[in-house]
Amino acid sequence: AVAADPIKVAAIYTVPVEQQWVSRIDKALNAAQDRGEITYTFSENVANTDYERVMREYAEQGMDLIVGEAFAVERAARKVAAEYPDTAFLMGSSFGPAQPNFSVFDNWVHEPSYLSGMIAGATTKSNVIGMVGGYAIPEVNRLMNAFMEGATSVNPDVKFLVTFINSWYDPPKAKESAFAMIDKGADILYAERFGVSDAAKEKGILAIGNVIDTAGDYPGTILSSALWHMEPTIDKAVGAVKGGSFEPADYGPFSFMGPGGGSFVVDESLAPADAVKAAKDKEQEIMDGLFRVNVNDTEPKSTM
Amino acid sequence: MTVRSQEAPLVLKLEGITKRFGGLTANGDVSLDLGKGEILALLGENGAGKTTLMNILFGHYVADEGRVLVADPSGELDALEPGSPSAALEAGIGMVHQHFTLAENLSALDNILLGTEPLAALKSSRAPARKKLDDLMARSGLSVNLDTRISQLSVGEKQRVEILKALYRDARVLVLDEPTAVLTPQESETLFSVLKKLAGEGLGIIFISHKLAEVLASSNRVAVLRGGRKVADLQTSGCDRRQLAELMVGHEIAETAREPGEPGAVLFSLKNVSAGGGRDALRDVSLDLKAGEILGIAGVSGNGQTMLARVISGLEPVRSGELLLEGEGLGSLHARSMIDLGFARIPEDRHHDGIVGAMTVSENLAIESIRKPENQRFGLLRFAAMRTRAKEMIKAYDIRCQGEDSPARLLSGGNIQKIVLARTLETEPRVVLAAQPSRGLDVGATSDVHRRLLEARARGAGVILISEDLDELMRLSDRIAVIHRGELSNAEPTETLDRGTLGLRMAGHGAEDAA
Amino acid sequence: MIRFEPREPASLGRMIAVSVAAAVVALILASVPMLFAGLNVFEAYGLMVKGAFGSVFAFTEMLTRATPLILTGLAAAVAFRAKLWNIGAEGQLYAGALAAVAVGTGMVSGPSYVLIPLVVLAGALAGGLVMLGPTLLKTRLGVDEVVTTLLLNFVILLFVQMMLEGPMKDPMGMGWPQSEPILDGAALPKLMNRMRIHWGLVIALVSTLGVYFLLKRTVWGFEIRAVGENAAAAKHAGIPVTATFVRVGLLSGALAGLAGVGEVAGLKGYLTADLSPGFGYSGIVVAMLAGLSPIGVVFAALFIASIFVGADSMSRATGVSNYLADLIVAMALLCVLVSGLFLRFRVRFIGVPRSREAAE
Amino acid sequence: MSEILDILLSANFWAASLRIATPLIFGVIGALICERAGVLNLGIEGIFTAGAMAGWMAVWLGAGLWGGVLVAALAGGFFGLIHAILTVPLGLSQHVSGIGVTLFATSLSYFTYRTALPDVSSPPRIEAFKPLDIPVLSDLPFIGPALFQQTSLTFLALALVLATAYVLYRTPLGLAIQAVGDNPSAVESQGLSVYGLRIGAVVAGSSIMALGGAFLTMSAFDAFFFGMVNGRGWICIALTVFASWRPGKALLGALLFGAFDAFQVRLQTEVGSFIPGQVFLMMPYLLSIAALVVVARRADYPRALLVPYFRGQR
Ligand SMILES: Nc1ncnc2c1ncn2[C@@H]1O[C@H](COP(=O)(O)OP(=O)(O)OP(=O)(O)O)[C@@H](O)[C@H]1O
Ligand SMILES: Nc1ncnc2c1ncn2[C@@H]1O[C@H](COP(=O)(O)OP(=O)(O)OP(=O)(O)O)[C@@H](O)[C@H]1O
Ligand SMILES: [Mg+2]
Ligand SMILES: [Mg+2]
């Protein structure tokens with residue numbers, strides 16, 4: 001049956017909604033709410049221990065769709081879902097979907113990351129690129145590795161500095177790590193965390209954006225960004241729930257560039273024209289399915 | 001009731017002061033006055049309410065009833081704002097508390113200056129203060145190095161700082177709560193000569209003491225409290241010891257004295273023991289203690305007594321030399337092993353080292369023998385047995401408390417000392433170490449302590465009595481040795497010694513010089 | 001002028017009255033932010049009660065959250081009794097969890113009745129050993145244990161992360177820094193079907209009785225109390241002070257370690273670096289609220305857990321930011337803290353006469 | 001080895017050390033003032049958060065940078081007052097009250113932030129303090145970049161160290177604070193108010209702590225994030241002991257910690273491929289413990305720390 005009324009959607013985040021990638025889910029859900037398709041509510045910063053309870057509480061409240069991150073709570077999340085077959089679950093997960101109602105998604109912006117790597121590799125003059133990450137988890141490693149691969153594909157001499165600050169939220173610390181890399185000669189910084197672009201801006205060098213578009217905040221600093229868009233995923237899932245056709249599925253591919261889940265932007269005033277062209281060509285190859293970016297979830301290491 | 005020399009104008013008047021703590025009346029309708037230049041001694045048993053009364057005077061406590069009147073500089077009596085030490089200070093009252101109220105981390109000078117300058121001042125004006133204090137010290141004879149941190153000062157010096165604190169503020173009334181409890185005889189004598197001098201300059205002085213000799217020698221007038229009420233207020237000139245003691249306790253007190261005895265063989269000895277470092281170190285100390293004798297150790301505090309007591313208590317390792325019990329070396333020292341060897345140890349600071357205040361009387365009575373079968377089985381405490389034994393000891397030692405389950409902290413100093421005596425002497429120890437056992441105790445409690453030590457001696461135990469009170473030493477000891485700068489003189493029979501000789505030796509003059 | 005006068009131990013009736021009054025005041029205070037967030041206050045309170053006690057699910061969830069708090073509360077209580085200021089229960093919890101995972105994920109195999117005790121012991125031992133370091137530094141070198149235990153929390157958490165990214169990483173975890181799951185035979189069984197409540201609660205309650213018994217009835221407990229109340233006097237009386245500190249340190253760390261075992265072997269099944277939302281620190285609060293009494297720890301833990309679970313659930317039901325839950329817990333905590341005063345003291349208001357009449 | 005030397009010889013490294021140390025300097029000075037008066041303030045982590053949030057929000061609402069600093073200090077003072085009232089006249093457990101204040105200040109800050117800004121995917125920015133770039137001084141070789149390219153708040157922190165040392169050792173107020181942390185009855189018997197001094201010290205100390213938080217959102221960064229204080233407050237509690245409650249050593253300790261941290265970040269990129277990153281992150285904590293072992297014997301506790309004072313009680 002097709003529901004005419006907005007469906008009830010709840011999201012459970014283990015970090016505050018400001019966290020870059022959670023903010024993309026929040027944004028897509030808010031957009032759906034603004035369109036009148038859903039009513040949306042969320043719990044943020046939910047501790048691991050409490051995750052299962054929060055899932056159950058939302059399920060008990062009769063939510064139609066629950067969106068969340070199952071990464072650290074896989075088993076529990078799957079168990080709860082199984083006990084509420086009438087509720088649809090769309091969970092961030094590195095594993096596959098499960099019957100009857102457990103769909104998964106993930107942030108797969110390795111493609112645009114690769115492209116921004118190409119830009120960075122071609123633009124760097126010092127041949128040193130610094131990368132500051134939060135934690136070395138697969139979702140982060142994947143992007144960094146794709147980026148590094150993209151950069152070396154156009155410039156085999158480029159070297160990387162890698163630091164993890166062990167926090168999702170410590171911009172001052174991320175900034176200090178970035179400064180340290182600039183001291184070591186980096187002239188482009190991969191800004192996986194808040195704080196890195198600030199260091200770049202302050203020292204007048206370039207930064208690569210990640211997941212969200214911060215070019216407006218740092219004019220003249222953001223060379224290129226790999227953006228994630230949750231809208232295709234959310235819209236698909238909401239549509240399926242509304243249409244009564246929700247099935248366990250892997251929504252991961254909706255984060256790929258093809259369906260518009262990932263995109264690549266470059267500030268053409270900052271990058272060499274031929275590099276932009278090469279990247280755009282590669283983008284087309286990806287869209288056409290002619291090129292596949294490797295998925296490598298191992299922890300990236302400094303190469304100098 | 002009040003008898004007072006009428007010529008001196010009043011500087012202080014307490015009217016009908018009553019103070020209750022829960023059900024206990026610490027002060028009941030006490031009235032008292034003090035004339036200019038007068039020295040008033042306040043007497044009473046432990047817990048009679050002396051300190052409470054003085055704390056009300058100084059504003060630490062607020063009286064439930066009654067009021068305090070103080071003369072202003074023109075001699076007019078004004079009611080004092082209750083509960084405000086700063087008002088009391090402003091009115092010219094200075095107080096030297098029973099426990100020192102000094103910041104150990106500051107210099108003597110800064111302690112004296114504390115509170116005398118506006119807090120908002122941008123700089124502490126130490127120079128002018130130093131000048132005023134130099135004058136004061138010269139005039140009063142109280143001298144101390146103003147720049148030394150309090151933690152580096154001896155007890156006597158700390159007390160001088162306390163008095164200087166009051167004088168610096170131009171006090172017209174000076175209250176001293178048991179000022180001589182921790183002083184040596186010499187220091188006490190100096191103190192009283194200073195006080196007399198200050199009184200001559202018009203200062204009104206109240207001092208509290210348990211030592212009747214100094215009360216008789218140094219005061220103009222005596223007020224006695226018993227159970228919180230004033231029971232006497234007399235000119236000192238017409239009083240004697242016996243009369244005052246009876247007024248305090250309400251009945252006669254038997255003076256305890258040593259009967260001649262037959263000391264046995266050597267029981268316990270120290271051979272060339274050195275321990276500790278700094279001021280209070282022991283240097284090459286030897287002594288022999290015989291069974292059935294009391295060996296007195298005289299000395300000015302800070303000359304190694306504390307270290308000697310700590311070594312014998314098993315709390316301090318020796319650097320060189322050894323301890324022998326019946327000729328056998330003791331090896332490494334531990335409190336536990338000393339107890340097991342039959343040492344009874346009465347610490348000099350009974351509140352700090354003697355009891356665990358938060359634990360009950362019965363637990364404190366059992367603490368030294370908690371691992372003995374009578375108190376535990378398979379690691380489980382035998383409460384019933386502990387209580388029964390506690391009840392017996394409470395009775396035998398006349399420990400005044402609300403019961404064996406009341407916290408030891410609530411007991412008076414004398415009764416705390418009785419707990420220590422009971423638990424250590426109950427086991428019939430071979431050696432008794434008593435460090436300053438009657439310090440701060442009233443006449444009744446002191447005589448109890450003395451009786452217990454003499455009983456131990458009569459039983460054949462060897463008793464080491466460390467004390468600064470020469471009367472006590474002369475009365476109880478069979479032999480007396482003097483400790484000075486960590487060195488211990490040979491013990492000599494008490495009969496061959498007199499106060500003068502001992503005093504000289506305590507001050508560092510050897511036996512030869514004295515002869 | 002206000003004065004506090006110590007009073008006799010409070011009667012049960014008074015204790016209940018004061019506790020209820022504290023709860024009421026806390027709720028009134030909590031209504032301020034609720035009003036700010038535009039909530040109907042009474043409805044919100046109703047939802048809070050429902051969220052903590054309204055169903056078997058809610059109630060068991062509350063108990064589940066109280067479980068680690070009881071254990072970390074005991075850890076703090078027993079250490080604080082000896083005046084060993086262990087602020088490191090958080091780290092010890094992680095150490096316990098790490099050990100439980102190390103043992104419980106296949107290092108040894110065997111039937112449940114062998115595996116479970118092994119896992120529990122390993123966790124307790126690891127927690128205890130972690131606390132041994134600061135204890136020895138304190139007794140041997142005089143290093144302040146507040147600081148060492150506090151700093152070790154950070155070190156241990158980093159160590160856990162290192163292990164989870166390195167040798168103890170789950171090869172099946174798709175690269176996530178998490179341990180392998182605990183074997184079914186090594187996991188603490190659930191107490192109720194379909195609910196999360198697990199045997200950790202039983203361990204916590206048994207530990208409570210154990211600590212109560214230890215402190216009240218045993219020689220060791222006697223020595224702990226004596227050292228805590230007056231170490232100098234205890235030492236003078238022949239009590240082995242250092243040994244007592246070491247025992248207390250081991251016990252305290254072990255209790256915190258057990259909290260980690262419960263969380264990982266009873267609740268989550270595998271270890272991640274965000275296992276605990278600060279249970280170690282909350283344990284200090286629990287212990288102090290309980291006046292360091294082991295039995296009181298259970299009630300204090302239930303109190304904190306029910307406020308949190310209730311308020312958290314209420315925030316969800318009303319769509320208010322769930323940071324409100326923490327805020328209400330904090331307010332309740334401060335109110336209960338103050339209310340303790342009315343149990344220990346009689347509060348009197350005294351008028352101070354200020355007149356300065358001249359004497360006749 | 002030569003890399004290590006290079007790091008230590010670079011001015012930027014020392015500049016980073018001072019920058020990282022700045023919030024810690026505020027925190028440790030604040031904690032030191034509280035503890036010198038006899039009150040342990042475990043509310044510090046929450047007070048940092050409150051200072052970070054309140055200062056930032058004030059600027060965001062248009063109060064101006066120094067207005068924000070003032071608001072942060074007031075917020076810190078407010079939570080300090082709560083802690084002071086609970087622990088000084090009421091004599092409640094300093095541990096619990098402190099942790100309670102941390103919970104309260106943190107959750108109130110978060111709740112306020114979220115209620116004011118319910119839906120921000122990217123936190124709003126303010127115009128933060130800029131490095132001073134003092135004309136001639138900043139261009140001095142080595143010293144210039146290390147010292148004179150800091151923001152005003154860093155200089156405020158350094159000035160506070162001097163001011164605290166002066167007040168503590170040279171003024172009547174400082175002597176009274178030292179005394180009340182050692183033996184409250186010494187203060188009371190000289191007619192000063194124990195409660196007044198302690199409450200004042202805790203409020204003042206807490207205001208200073210809050211500036212450490214404000215530095216994070218108004219100088220080190222220009223926006224507020226949940227969890228961004230990230231344990232810095234706790235570090236200050238440790239540093240206070242390390243400093244033996246002396247302002248000069250407090251500065252030294254904060255700088256050392258800052259240097260460890262700056263060093264750690266630089267070393268991580270050097271040899272990060274051989275050694276797990278966490279080893280570097282542990283370094284500042286482990287070295288702090290090691291440093292503490294070295295100074296422990298000489299540590300000179302305020303004797304009345306943690307001991308509540310009740311007038312007329314024994
Ligand atoms: N703050 C208090 N709370 C409860 N009881 C108190 C308090 N202060 C004193 N008391 C009680 O009041 C009585 C009088 O005590 P006070 O200290 O005045 O005696 P004292 O005469 O000075 O004794 P001592 O010779 O031992 O110094 C004692 O029973 C004491 O226990
Ligand atoms: N008076 C005291 N106050 C607080 N802590 C104390 C006190 N006395 C001892 N301690 C603590 O106990 C520790 C051990 O003390 P100590 O070595 O004297 O005990 P012990 O029982 O004699 O031990 P050991 O078995 O090593 O001889 C000290 O480092 C200190 O931390
Ligand atoms: Mg007295
Ligand atoms: Mg020892």
Side-chain angles (χ1 to χ4, degrees), chain B residues 19 21 26 51-52 55-56 58-62 83-91 93-107 109-126 129 149-151 161-162 165-166 168-169 175 351 357 409-410 412, chain D residues 32-33 35-38 89 162-201 203-204 244-247 297-305 307-314:
Chain B
K19 175 72 185 172
F21 292 108
T51 300
T52 304
N55 277 336
I56 288 168
F58 194 66
H60 286 309
Y61 295 171
V62 178
S84 164
S86 59
L89 286 167
E90 205 169 306
I93 299 174
M95 177 131 174
V96 178
H97 294 79
Q98 188 165 2
H99 304 285
F100 294 137
T101 56
L102 297 167
E104 301 261 331
N105 57 348
L106 299 183
S107 70
L109 180 62
D110 289 339
N111 266 284
I112 295 167
L113 283 189
L114 198 63
T116 61
E117 302 171 287
L119 284 183
L122 284 180
K123 196 166 186 325
S124 187
S125 33
R126 288 170 174 136
R149 265 169 70 123
I150 297 295
S151 53
V161 176
E162 287 277 20
K165 264 164 66 175
Y168 181 76
R169 289 172 178 260
V175 178
H351 288 273
R409 149 179 62 88
L410 298 180
S412 71
Chain D
L32 178 150
I33 292 174
E35 290 183 28
R36 270 293 177 129
L162 287 179
T164 305
Y166 180 83
V167 169
L168 214 47
Y169 298 123
R170 292 271 176 269
T171 68
L173 178 64
L175 296 177
I177 289 175
Q178 287 194 53
V180 80
D182 184 82
N183 184 2
S185 53
V187 166
E188 174 156 320
S189 73
Q190 289 282 58
L192 296 173
S193 160
V194 173
Y195 293 171
L197 282 166
R198 285 193 165 170
I199 294 175
V203 170
S244 308
W245 296 269
R246 291 170 194 284
R297 276 287 172 220
R298 292 189 300 273
D300 196 2
Y301 274 79
R303 285 190 309 146
L305 187 61
V307 187
Y309 181 73
F310 296 110
R311 234 167 146 191
Q313 184 170 309
R314 49 160 117 188

| field | From CD (Gln190(D)) to CD1 (Ile112(B)), nearest 0.5 Å | value | 8.5 Å
| So which part of Tyr166(D) gets closer than 4.5 Å to some heavy atom of chain B, the side chain, the backbone, both or neither? | side chain
| task | Identify which part of Leu192(D) has an atom lying under 4.5 Å from any heavy atom of chain B, answering side chain, backbone, both or neither. | result | side chain
| Non-hydrogen atoms of Leu114(B) and Ala179(D) that approach each other most closely | CD2-CB, 3.7 Å
| message | Does any backbone or side-chain atom of Ser84(B) lie under 4.5 Å from a heavy atom of chain D? Answer side chain, backbone, both or neither. | response | backbone
| message | Counting only heavy atoms not in Arg170(D) (residues, nucleotides, ligands), do more than 12 fall under 6.0 Å from its CZ? | response | no
| remark: If one checks every heavy atom of His99(B) against chain D at 4.5 Å, the contacting part turns out to be neither
| With Leu119(B), which of Leu197(D), Leu175(D), Ile177(D) fulfils side-chain contact (heavy atoms from CB on, under 4.5 Å)? | Leu197(D)
| said: Looking at every heavy atom in both Arg303(D) and Leu102(B), which two are closest together, and how far apart are they? | reply: NH2-O, 4.1 Å
| request: Answer with side chain, backbone, both or neither: which region of Val167(D) has an atom nearer than 4.5 Å to a non-hydrogen atom of chain B? | output: neither
| task | Please test Glu104(B) against Asn183(D) for side chain to side chain contact (heavy atoms under 4.5 Å, CB included), starting from the C-alpha separation and ending with a verdict. | result | CA-CA 8 Å; Glu104(B) 301 261 331; Asn183(D) 184 2; over 6 Å; no
| Asn105(B) versus chain D, heavy atoms under 4.5 Å apart: side chain, backbone, both or neither? | both
| said: Taking CG in Leu122(B) as the centre, count heavy atoms belonging to other residues, nucleotides or ligands within less than 6.0 Å. Is the count above 12? | reply: no
| Distance from Glu188(D) atom CD to Thr101(B) atom OG1, nearest 0.5 Å? | 9.5 Å
| Side chain, backbone, both or neither: which part of Leu89(B) has a heavy atom under 4.5 Å from chain D? | side chain
| remark: Greatest number of non-hydrogen atom pairs under 4.5 angstrom with chain D, of Pro118(B), Ala166(B), Ser86(B), Gly94(B), falls to Ser86(B)
| remark: Heavy-atom closest pair (Ser189(D) atom, Lys165(B) atom, distance to 0.1 Å) is OG-NZ, 3.6 Å
